[in-house]
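Beneath this line is the structure, given in C-alpha cells, with notes to follow.
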Amino acid sequence: MHAYRTHTCNQLRAEHKGQTVKISGWIHRKRDHGGLLFVDLRDHYGLTQCVINTDNPMFPAFEKLRLENVVSITGEVVARTPETVNKHLPTGEIEVKLKTFDLLSAPVTDMLPLQVNTDEPYGEEVRLRYRFLDLRRDVLHRNIVLRCDVISSLRRRMIEQGFLEFQTPILTASSPEGARDFLVPSRLHPGKFYALPQAPQQFKQLLMMSGFDKYFQIAPCFRDEDARADRTAGEFYQLDVERSFVTQDDIFATMEPVIYGVFEEFSNFTGKKFEVSKPPFVRIPYDESMLKYGNDKPDLRNPLVITDVTSVFKRDDVTFNAFKSVLEKGGVVRAIRAPKVSDRPRSFFDKLNDWAKGEGAVGLGYVVFEGAEGKGPIAKFIPAAAQEELKKLTGAGSGDAVFFVCDMVEKAAPFAGKARTKIAEEMDIIDKHKFIFSWIVDFPMYEINEKTGKVDFSHNPFSMPAGGLHALNTQDPLKIKAYQYDCVLNGIELASGGIRNHVPEIMERAFDIAGYPKGEVETKFGGMYNAFKFGAPPHGGCAFGIDRMVMFLADQKNVREVIAFPMNQQAEDLLMNAPTTVEPNLLKDVHIKMDLPKAQIKAAG
RNA sequence: GCGGGUGUAGCUCAGUUGGUUAGAGCGCUUCCCUGUCACGGAAGAGGCCGAGGGUUCAAGUCCCUUCACUCGCGCCA
C-alpha cells in the first residue's frame, strides 16, 4: 500500500465498498458522539467521512486530534445505510471505517487564527498573514484553481492559433510606460540600476523585428504604484501578445475568439451562468465613448446613453440662466434619458440630486415627460418647442425623465458618466450576469499635460499615429488619432494595445511634437531604434490583464481573491514579511548608502 | 500625500442616553452522548475594549492625538 494514499478524498463511491483504502488530508470537521466519532477528511479534491467507534483501541488517540491536523487514515470503505447517505457530498454514499491512522503533521496546538471549515468573512490582515490557511478554504481555493485553468486555457488557445510562448528578461531597463519603476541596484556597475519591466513592451516588439511573427507570454509586470480593488500593489500578470504584418482588425480578430472562448468556457464557474457577448465585439471610437458614456471604459450592461443637448439651452426661448451663463463661457449641456421613471416618487429624484451635490455639483437638474408636458423644477424655463427638440435629441418619450449636467466639456463629460452609472444603479437596470466586451478605438495620440500645459503622449508613445508622418506634419497634434485601442469589459479596462510605430522617421517626428529633444529616441530606446533602422516589419498587439479576467469569472470585487499570495494595500507581503531591511554587507555589495527621512530612520533600524 | 469606513475574547461580531461584574456564536479545555454530516447537551478557561492623552463622580461609549487595516482620490500612457 502506498505510504500516504490509495485514493483522494473525492474518489470513493459505492462501487469501492469492501475495499481497504488509505486516504490522507486535513481534519476538516469532527462530530463526536462519545462512543462514535465522525471525522470529515479534506484534501484538494474533496471530503470523505471517516468513522470510528470505541471498539477500536485507537479511538482515544484519534478523538484527541484537533482540526487541521494532517493524518492518513486506513480503513474499509463501507456503504452507508439509505437513511444516512449524504446527498450534498459526492462521496456521501460511503464512509471509511477507520482501522489505523498516522499523524503526518506536527500536532496542531495553537489556536487557529482563522477557521478553515467556515465561509465566514475574515479581516484582510489575518487572511494575508495566514494566507496558507485562507487558501485551504473553499472559495479562495477554488478561485486559485480557476486561475490555473484560465491560464492554461489561454495558453492552449494562443498556441492553437500558432503563437509561440516566450520569456523575456525580468532584470531590464526602464521602459516607456509612464508608471514608477521598481529598481534593482547593480553590483557589477556601481551607481547603475536595472528596472523590473512594467511590461515586456520593447522585448515583444524586438521579437517581431527578430522575425518571430506571433508572440505571446503570460507576463509578470511590475509597476510601483498604489493599489486599488481592481489593481494589485506592485505586480500583476498579463496575457501579452504581438504579431507582425497585421492591422488593428487582425489583432481584434485574433483576440476575440480567445477572450470570448475563455469567458464562455468558465462562464458558469459561480454556479450562475453569465451571458457573454459574442464576437465581433462592438467598436466604439474614443470620442463617441466620452460623449455617450462619459469615459473611455463604458459599462455596456448599463443601457442609458448620454446625449449633447447644448443646442437646446442655447435657444433664445429657453431662459434657464444657470446653464446659459456656463454656455457663454464655452460650456456644454449633457443629457441622460431615464426611461419610464415618471411614476417614481419624488424621493427618487431628490436622492439623485443629493448624490450630485455630494459629488461637488450644484445639483442634477431634470425634466420628466408625462404626456406632452414636461414637469419638474426646471421645466418652466423650457418652453414647449424647446422641449420637443430635447425629446428629439434624447429620444425621450412620455413617462421618461431627462437629467442634465452642465459644465465645461472636460468636467461635464465625466460627471455625466458618473451620473449615468448612478441613475442606472438607482433604477436597478444593470444586468449583473452579463459580460459585455467592447473595443475602444481611435484614442488621441497626444493630449495637453495639465501640469505643464504642453503637448504630451496620451498613450503609448510607440503607437502609430493615424495618417502617419503626413498627419504629424500637417495636423493639429491634439486632433491626431493613434492606432491605439483598449478592450473594455463591464466598465473595467481589460486590455490595451496598439499598432506600433515601426518607422524611425515617424517616431522621431512623434517625439519631436511631444517636446523631446532631437536624439532622445536614440538615447532612451537605443536597442529599439537600431532595430527600426535594420528592417522592422509593421506589427502590433495588446495585453490582457489576467488577474482582472479571473476576478470577473470568479465574480469577485477584489483581485486579491484570485491571487495566491497578494500584497496588502501598502504593498507589504504580510506572510513573507516584505519589504524588509537587509544586512549592511548586502547594501555594501550594491554600493548603496541609506539617506532616509528622519521619521523612518528608527523604523528601518 | 489626502478623504471615508473599521478597530471589543484566537476568529466573526453585539454592546442602548456615559452608569453595577463587558456579552453571543465558532474555536479551545473537561464531562455526557453509537448514525451524525454546521450533530446535540452540561460546565469552564479566555479581554490593556488598537495605543496615548483629555472631559467627567463615572468612559468600550464623548473630545483630541496617533497607529493599524480597508475603500476611494492623487498616481497607474
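Numbered from 1 within each chain, the chains take letters A, B, ... in sequence-line order.
- Distance from the side chain of A:Arg223 is smallest to B:C76 among B:C28, B:C11, B:C76.
- Not one side-chain nitrogen or oxygen of A:Asn53 sits closer than 4.0 Å to the OP1 or OP2 atom of B:U34.
- Following rounding to the nearest Å, A:His88 (NE2) and B:U36 (C1') show an atom-to-atom distance of 13 Å.
- When both pairing distances are held under 3.5 Å, B:C37 makes no Watson-Crick or G-U pair with any nucleotide shown.
- Each of A:His28, A:Arg29, A:Arg31 was compared with A:Gln49 under the side-chain contact (heavy atoms from CB on, under 4.5 Å) criterion, and only A:Arg31 meets it.
- When distances are taken from the side chain of A:Gln49 to each of B:C69, B:U12, B:G35, the shortest belongs to B:G35.
- Considering only the side chain of A:Asp32, B:C33 comes nearest among B:C33, B:C69, B:U12.
- Both distances falling under 3.5 Å, in either a Watson-Crick or a G-U wobble arrangement, occur for no nucleotide opposite B:A9.
- Counting only heavy atoms from C-beta on, A:Glu124 has its side chain closest to B:C69 among B:C69, B:C37, B:G35.
- Residue A:Gln115 places no side-chain atom within donor-acceptor reach of the base of B:U12, judged by atom type and a 3.5 Å distance cut-off alone.
- Side chain of A:Asp486 to main chain of A:Val488: no donor-acceptor pair is present (N/O by atom type, distance under 3.5 Å, no hydrogens or angles).
- Among B:U70, B:C76, B:U36, the nucleotide with an atom closest to any side-chain atom of A:Thr84 is B:U36.
- Candidate nucleotides B:C71, B:U36, B:C28 were compared by shortest atom distance to the side chain of A:Gln569, and B:C71 ranks first.
- Between the C1' atom of B:C37 and the CG atom of A:Leu41 lies a distance of 14 Å, rounded to the nearest Å.
- Comparing the C1' positions of B:U29 and B:G46 gives an interatomic distance of 10 Å, to the nearest angstrom.
- Between A:Tyr286 and A:Trp439, the distance from one ring center to the other does not fall under 6.0 angstrom.
- Picking from B:U12, B:C28, B:A68 the nucleotide with the shortest atom distance to the side chain of A:Glu125 gives B:A68.
- If you check B:U17 for Watson-Crick or wobble pairing at under 3.5 angstrom, you find it has no partner at all.
- Checking B:U29 for Watson-Crick or G-U wobble geometry (two distances, each under 3.5 Å) identifies B:A43 as its partner.
- Closest to the A:Leu128 side chain, of the nucleotides B:U29, B:G35, B:U70, is B:U70.
- Residues A:Thr20 and A:Lys99 have side chains that bring a donor and an acceptor to within less than 3.5 angstrom of each other.
- Taking 3.5 Å as the limit, the base of B:G27 and the side chain of A:Glu120 contain no donor-acceptor pair of atoms between them.
- Pair assignment for B:U55 gives none, since no Watson-Crick or G-U wobble pairing has each distance under 3.5 Å.
- Side chains of A:Ile73 and A:Leu41 form a contact here, defined as non-hydrogen atoms less than 4.5 Å apart.
- For A:Arg228 and B:G74, a side-chain-to-base donor-acceptor distance below 3.5 Å is present, hydrogens and geometry of angles not being considered.
- The nucleotide B:C75 finds no pairing partner, because no Watson-Crick or G-U wobble arrangement with both distances shorter than 3.5 Å includes it.
- A donor N or O paired with an acceptor N or O is found under 3.5 Å between the base of B:G74 and the side-chain atoms of A:Asp226.
- Aromatic rings of A:Phe38 and A:His33 (six-membered ring for Trp) have centroids within the 6.0 Å cut-off, being under it.
- Between A:Gly35 and A:Leu112, it is A:Leu112 whose nearest contact on RNA chain B lies nearer the 5' terminus.
- An OP1 or OP2 oxygen of B:U36 is reached within less than 4.0 angstrom by no side-chain nitrogen or oxygen of A:Arg31.
- Nearest nucleotide to the side chain of A:Arg231, out of B:C76, B:C39, B:U34: B:C76.
- Picking from B:C75, B:C71, B:C69 the nucleotide with the shortest atom distance to the side chain of A:Arg560 gives B:C71.
- Within the nucleic acid shown, A:Glu572 comes within 4.0 Å of sugar-phosphate atoms alone, with no base atom in reach, counting heavy atoms only.
- Within the structure, a side-chain polar atom (N or O) of A:Asn558 is placed less than 4.0 Å from OP1 or OP2 of B:C71.
- No hydrogens or angles were tested; on distance alone, nothing pairs the side chain of A:Arg29 with the base of B:U36 as donor and acceptor under 3.5 Å.
- Residue A:Arg127 has no polar side-chain atom (N or O) positioned under 4.0 Å from OP1 or OP2 of B:C69.
- In terms of heavy-atom proximity, A:Gln238 sits nearest to A:Cys221 at OE1-SG, 3.6 Å.
- Judged by closest nucleotide on RNA chain B, A:Asn117 is the one of A:Asn117 and A:Thr54 placed further toward the 5' end.
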